[in-house]
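Given the structure is predicted, the values throughout are model-derived calculations rather than measurements. In each ligand, atom 1 is the first atom listed, and ligand 1 is the first ligand listed.
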Amino acid sequence: MWDALSQWGILISLARAWRREKNAKLPRGNWWLPWLGESLDFFWRSPDDFYKTRFSRYGSIFLSHIFGSTTIVTSTPEEAKFILGTRHKLFRARYPTSIDRVLNHPFWEGDFHCRVRKIVQAPMMPEVLKSQISKFDSLATWTLNTWSHGDHVITHAETRKFSFHVALYLVCSLEPSAESMKMLDDYECVAKGAICFPLNVPGTGFHLALKKSKVILEALDNIIARRRMERSVHNDILSSLLNSSDENGIKLTTDQVKNVLITLLFAGHETTGVLLVWIVKYLTENPQVLHLVKEEQEIVRQSMADDKQPLAWANVRNMPYTLKVVQETLRLANVAPFSPREILEDVEYNGILFPKGWRVQVYYRHFHLNPEYYKEPLKFDPSRFEVPPKPMVYTPFGNGIRLCPGSELVKLEVLIFIHRLVTNYSWHAVGADKGIQYWPTPRPKGGYKIKVHSHAHSSFSQEQL
Ligand code: HEM
């Protein structure tokens, strides 16, 4: 009923828009189908097939009805610049209902967004991150030290454990514990139900995700309460949030702080954990690249006075080839393949009408895999980053006012993890390639199982945690 009304609302706004913008036209595509629209096709085939079919049928921009909304999918860097940059005020960040609800409305808006962004960004600037290297290194070692020679390991389970604890430390100075591992398990259910049909009845993934999201919010409540009672000073995002006040001296409420924390911990570990799985997979499948990475990391290891010491900033700066591996993986794997927006006013761009109330997706994956910008785009070739990519055609961290504040942190933690991994272990993949699991972030299905072999020398002591 509501859906039918909203379809009528859209038709009315469309008719108005047509009257005003006589020369602009809508992109081609299938958007008439009510309610489910093309969502079944989107979820049951694969998003890759879905997009590919439509780009070849309609060109670089098309119209669809997915995630419960009429959506324009754009795929050129020029459109990305227009939507995320120059005219960003005409578009509002808006995730599908399922993720919006399980993460308690993750997109911060207006003044609240500006205020929180400043707080969140500060500890993720390179000059501040420098002082955290030994901590991140100890977390990489803590993760890898549980691997024994000959073990079978599900890579994703390990990499998300690492990335979650890095985020947890940065956000609220918490060390690994039973409490943190429980929260990580709860986040797994949240992630599973984050992109799905939002049917809140027992037995659905969405229902479980909502339940677990509540559990996480309760745990965050306890963390905040403990922090308020403590006298010691912490230099982390939670303290900055609790101490910040606006120009009128008004502090953030506990609900606002919880809202920031639940999103930040999710954003801070989900994509990075998956990025690391792709890196391990691409290195396994490209032995010549792995060889160059090992060579570079061995030089770093030997340059350190003592194998048991944590890495320092100078060591991490000495990993240019490995950094290209990270950049190339971000391009090819596209762990955050699009940015979703809602159109706030009728807008015309390049003769195309973007009607108010509809959604738009800036689909980065299409230009990251476009032969016009990247020669042999499906080939894993870190050396392509010897020449910096043209502006706007490389945007794994988005663009504009919502550019990912965690991009420097990601590079740093991933380089540290790779160093400890390749200097302490060799591995090979176990079992056949099972393809890609697309939601909530594209990753190798099954988490990429490997068998590990440890090297003779060991990394620095876990007691330093
Ligand atoms: C491989 C790792 C990561 C990738 C590929 C990634 C990608 C992105 C992208 C594409 C956006 C823009 C979303 C949009 O425009 O709608 C974004 C936003 C964001 N990311 Fe990341 N991210 C990663 C890791 C992280 C980490 C480690 C953190 C924090 C610890 C983080 C925190 C955020 C936050 C808070 C936003 C929202 C910013 C805002 O609304 O102003 N991300 N990320």
Atoms in ligand 1 flagged as close to Ser339, the criterion being non-hydrogen separation under 4.0 Å
13 (C), 14 (C), 15 (O), 16 (O)
Can you name the ring-ring contact (aromatic ring centres under 6.0 Å, His included) partners of Trp439, sequence neighbours left out?
Phe42, Phe43, Phe67
So, do Tyr448 and His156 sit near enough that their side-chain heavy atoms are less than 4.5 Å apart?
no
Which residues pass the side chain to side chain donor-acceptor pair (under 3.5 Å) test with Arg384, sequence neighbours left out?
Glu328
Is Arg54 positioned over the aromatic face of Phe50, cation under 6.0 angstrom from the ring centre and no more than 45 degrees off axis?
yes
Options Ile83, Leu409, Leu275, Leu170, ranked by nearest heavy atom to atom 1 (C) of ligand 1, top entry:
Leu275
For Tyr95, which residues count as a ring-ring contact (aromatic ring centres under 6.0 Å, His included) partner, sequence neighbours excluded?
Phe107
For ligand 1, which atoms have a heavy atom of Pro396 less than 4.0 angstrom away?
5 (C), 7 (C), 10 (C)
With a 4.0 Å cut-off on heavy atoms, does Val120 reach ligand 1?
no
Assess Ala167 for proximity to ligand 1: is some non-hydrogen atom of it under 4.0 Å away?
no
Polar side chain donor-acceptor pair, Trp358 to Thr71, under 3.5 angstrom
no
Looking only at distances, please establish whether an N/O atom of ligand 1 is found under 3.5 Å from an N/O atom of Arg117.
yes
If you count the atoms of ligand 1 from 1 in the order shown, which ones are under 4.0 Å from a heavy atom of Arg341?
14 (C), 15 (O), 16 (O)
Judging by distance only, is a nitrogen or oxygen of His113 under 3.5 angstrom from one on ligand 1?
yes
Any carboxylate oxygen within less than 4.0 angstrom of a Lys/Arg side-chain nitrogen, looking at Asp48 and Lys52?
no
Assess whether a salt bridge exists between Lys135 and Glu175, defined as any Lys/Arg side-chain N lying under 4.0 Å from an Asp/Glu carboxylate O.
yes
For Met124, the ligand 1 atoms with a heavy-atom partner under 4.0 Å come out as 29 (C), 30 (C)
Should Arg402 be counted as touching ligand 1, given the test is an N or O pair under 3.5 Å?
yes
Tell me, which protein N/O/S atoms are under 2.8 Å away from atom 21 (Fe) of ligand 1?
Cys404 SG
Between Tyr373 and Lys390, is there a cation-pi geometry (under 6.0 Å to ring centre, at most 45° from the normal)?
no
Does some side-chain heavy atom of Ser245 sit less than 4.5 Å from a side-chain heavy atom of Ile250?
no
Nearest heavy atoms of Leu353 and Pro27, plus distance in Å
O-CD, 4.1 Å
Ligand 1 to Leu264, heavy atom cutoff 4.0 Å, flagged ligand atoms 35 (C)
